[in-house]
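Labels below follow one simple rule: chain letters A, B, ... track the order of the sequence lines, proteins then strands, and each chain is numbered from 1.
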Amino acid sequence: MLDINLLRQNPDEVIAMLHRRSMADDAGKVQELLDIDRTRKEMVQRADDLKALRNRVSKEIADIKRAGQGSAEELIVQMKSVSDQITGLDASLTKLESDMEELLLTLPNKLHPSVPEGRSAEDNVLYRGPFEFAHQLDFPVKNHLELGKSLGLLDFERGAKISGAGFPVYIGKGARLERALINFMLDTHTANHGYTEVFPPFMVNQESLRGTGQWPKFADQVYHMPEDGLYAIPTAEVPVTNLHRGEMLDTDKLPIAYAAYSACFRREAGSYGKDTRGFLRVHQFNKVEMVRFTRPEKSYEALEEILGHAEAILCALKIPYRVITLCGGDISANAAKCYDIEVWSPAEDKYLEASSVSNFEDYQARRSNIRFKPDGKSKPEFVHTLNGSGLATSRLMVSLLEHYQTADGKVKVPEVLQPYTGFDVIG
RNA sequence: GGAGAGGUCGCAUAGUUGGUCUAGUGCGCUCGCCUGGAAAGCGGGUAGGGUGUUACAGCCCUCGAGGGUUCGAAUCCCUCUCUCUCCGCCA
């Protein structure tokens with residue numbers, strides 16, 4: 001959520017941002033918000049004046065009653081009408097304020113000046129890489145589906161039977177390899193990168209979705225359990241960031257760094273037909289997520305650190321990748337700046353997104369009211385929140401199986417995973 | 001799912017015949033005095049949001065959340081939520 005003060009003081013900056021994001025259609029919302037804001041202030045002033053009057057006169061009535069002399073009847077009649085006016089004003093105010101918040105919630109985050117200009121994914125800019133690791137693939141490569149099937153690691157057909165398309169089943173060494181990846185990543189982040197491990201709930205309430213920005217904008221992408229008012233998390237970012245919703249964080253505890261495994265659930269509505277094969281697009285996948293809460297002036301430093309932590313996993317696994325900076329037209333509405341890490345798939349002959357690393361600045365903190373006091377006694381300020389996948393296993397599994405395959409149809413296990421799998425080759 | 005008890009300013013508590021509670025007290029924290037220094041003692045301060053102001057002040061709102069009754073609610077009524085105890089069911 002944007003600061004209403006930013007709109008008041010610098011509406012042109014907000015409109016310019018909307019253009020950079022290719023969201024010029026939303027520019028009208030800015031003036032609409034400013035109009036509501038002005039009306040609201042006037043009404044608050046009137047209501048407050050009346051409340052002050054009522055408080056004062058109620059005290060006089062109390063004095064008269066206590067003294068037991070004189071009649072308060074006339075005052076009571078007057079205050080009755082004052083109270084009626086207040087009730088009316090408060091009702092209008094509640095409506096105005098909720099309108100205002102709904103509008104404000106739909107506006108995207110500011111963009112960092114370093115975010116490249118551009119309209120779509122075509123315009124994203126290479127930030128680092130590509131990084132190659134030696135893999136001898138001097139034979140016709142199989143794709144991850146063929147390998148998963150021939151080696152009995154993955155079963156998409158039975159997943160479709162028990163749940164639906166896009167719900168993969170891991171079996172035998174496939175399941176073990178998946179679990180090894182998750183454990184390796186969590187261990188690395190907690191032991192080497194300073195994160196505290198969190199195992200969060202996989203279902204959250206609507207307030208939590210609102211806090212991180214998935215609601216209301218991405219409501220149609222989230223699985224919903226209406227009976228209980230719960231939503232399946234699309235990423236661990238949601239429960240983990242919301243751990244501190246509504247809290248005043250101890251300044252000396254900052255920065256806070258959490259690493260969390262979770263299954264992630266996404267409806268992927270509207271994307272049927274694109275990249276549907278196997279792991280390329282699924283409704284449920286596993287991911288280890290890094291989440292940070294920092295002081296505002298430290299957040300861009302933290303962004304680079306998180307990116308480095310995700311890259312460290314790929315380097316350890318020796319999986320080829322590159323890092324791109326998302327342009328204004330492609331970056332998500334919640335992020336002020338975002339890097340994507342893409343892993344190379346030799347069978348698909350293209351890069352696949354395996355991680356997003358984002359700085360949300362105070363956008364989520366403002367929505368979820370997460371603050372700290374800079375020097376212990378001054379006014380509270382919003383923290384900056386960040387997160388990065390470190391990483392999602394689905395695309396990682398594609399790249400891993402394909403790169404580590406051998407000419408005779410087996411798959412070697414990356415060296416760093418062998419202590420976790422207990423075997424060094426599959427097949 | 002059923003029954004009961006309870007959620008008060010960091011912590012602990014007072015408050016329950018509605019008006020002196022715009023919330024008392026203790027602890028903690030903090031500033032000052034005292035002291036060679038410290039403890040003790042004494043005195044002051046000790047939330048957030050809105051509005052407003054150059055900045056103060058002032059005013060409004062918040063006693064789990066939201067409604068209601070009333071001139072006026074921490075105090076009465078309703079709904080929800082969380083915690084604890086017991087019963088039932090169950091991975």
(message) I need the full list of ring-ring contact (aromatic ring centres under 6.0 Å, His included) pairs touching residues 227-257 of chain A, with sequence neighbours left out, sorted by first then second residue.
(response) Trp215(A)-Tyr231(A), His224(A)-Tyr231(A), His244(A)-Tyr258(A), His244(A)-Phe293(A)
(message) Between Thr87(A) and Ala52(A), which residue's closest nucleotide on RNA chain B lies nearer the 5′ terminus?
(response) Ala52(A)
(request) Would you name the heavy atoms of Glu402(A) and His144(A) that are closest together and state the gap between them? (result) OE2-N, 3.1 Å
(request) Hey, can you tell me if His309(A) and His189(A) have their rings parallel, tilted or perpendicular (30° and 60° cut-offs)? (result) tilted
(request) Answer yes if the side chains of Ser81(A) and Asp84(A) hold a donor-acceptor pair under 3.5 Å, and no otherwise. (result) no
(message) I want to confirm an ordering. Mapping Thr94(A) and Ile76(A) to their closest nucleotides on RNA chain B, which one lands closer to the 5' end?
(response) Thr94(A)
(request) Could you let me know what G18(B) is paired to, Watson-Crick or G-U wobble, both distances under 3.5 Å, or none if it's on its own? (result) none
(request) Ignoring the backbone of Ser58(A), work out which of G19(B), C60(B), U51(B) is nearest its side chain. (result) G19(B)
(request) Return each pair, listed once, that meets ring-ring contact (aromatic ring centres under 6.0 Å, His included) where at least one residue sits in residues 39-60 of chain A; pairs must be two or more places apart or across chains. (result) none
(request) Run the salt-bridge test on Glu97(A) and Arg40(A) with the 4.0 Å N-O cut-off and return the result as yes or no. (result) yes
(request) Would you indicate which nucleotide in G52(B), G50(B), U22(B) comes nearest to any side-chain atom of Val44(A)? (result) G50(B)
(message) Within the 4.5 Å heavy-atom criterion, are Ile256(A) and Thr196(A) side-chain neighbours or not?
(response) no
(request) Taking only the side-chain nitrogens and oxygens of Ser83(A), find out if one of them lies under 4.0 Å from OP1 or OP2 of U70(B). (result) no
(message) My understanding is that a pair needs two contacts under 3.5 Å, Watson-Crick or G-U wobble. By that rule, which nucleotide pairs with A12(B)?
(response) U25(B)
(request) May I have the distance from Asp250(A) (atom CG) to C29(B) (atom P), rounded to whole angstrom? (result) 15 Å
(request) Could you let me know what A91(B) is paired to, Watson-Crick or G-U wobble, both distances under 3.5 Å, or none if it's on its own? (result) none
(message) Suppose we call a contact any N or O donor and acceptor under 3.5 Å apart; does that hold for the side chain of Asn55(A) and the base of G72(B)?
(response) no
(request) Verify the contact: side-chain N or O of Arg40(A) to OP1 or OP2 of U51(B), cut-off strictly under 4.0 Å; return yes or no. (result) yes
(message) Hydrogens and angles aside, do Gln364(A) and Thr385(A) bring a side-chain donor and acceptor to less than 3.5 Å of each other?
(response) yes
(message) Taking only side-chain N and O atoms of Lys65(A), does any of them lie within less than 4.0 angstrom of OP1 or OP2 on G72(B)?
(response) no
(message) In this structure, how many angstroms lie between the P atom of C59(B) and the CE atom of Met43(A), rounded?
(response) 23 Å
(request) Would you mind reading off the distance between Arg54(A) atom CZ and A73(B) atom C1', rounded to a whole angstrom? (result) 11 Å
(request) Write down the partner of G58(B) under the Watson-Crick or G-U wobble criteria, each distance required to be under 3.5 Å. (result) U51(B)
(message) I need the residues from residues 362-371 of chain A with at least one non-hydrogen atom less than 4.0 Å from RNA chain B; give them sorted by number, or say none.
(response) Arg371(A)
(request) Using only side-chain N and O atoms of Lys373(A), determine if any of them is under 4.0 Å from OP1 or OP2 of A47(B). (result) no
(message) Going by purine N1 to pyrimidine N3 plus the second Watson-Crick contact, or the G-U wobble pair, all under 3.5 Å, which nucleotide sits opposite A5(B)?
(response) U83(B)
(message) Strictly by Watson-Crick or wobble contacts shorter than 3.5 Å, is anything paired with U30(B), and which nucleotide is it?
(response) G44(B)
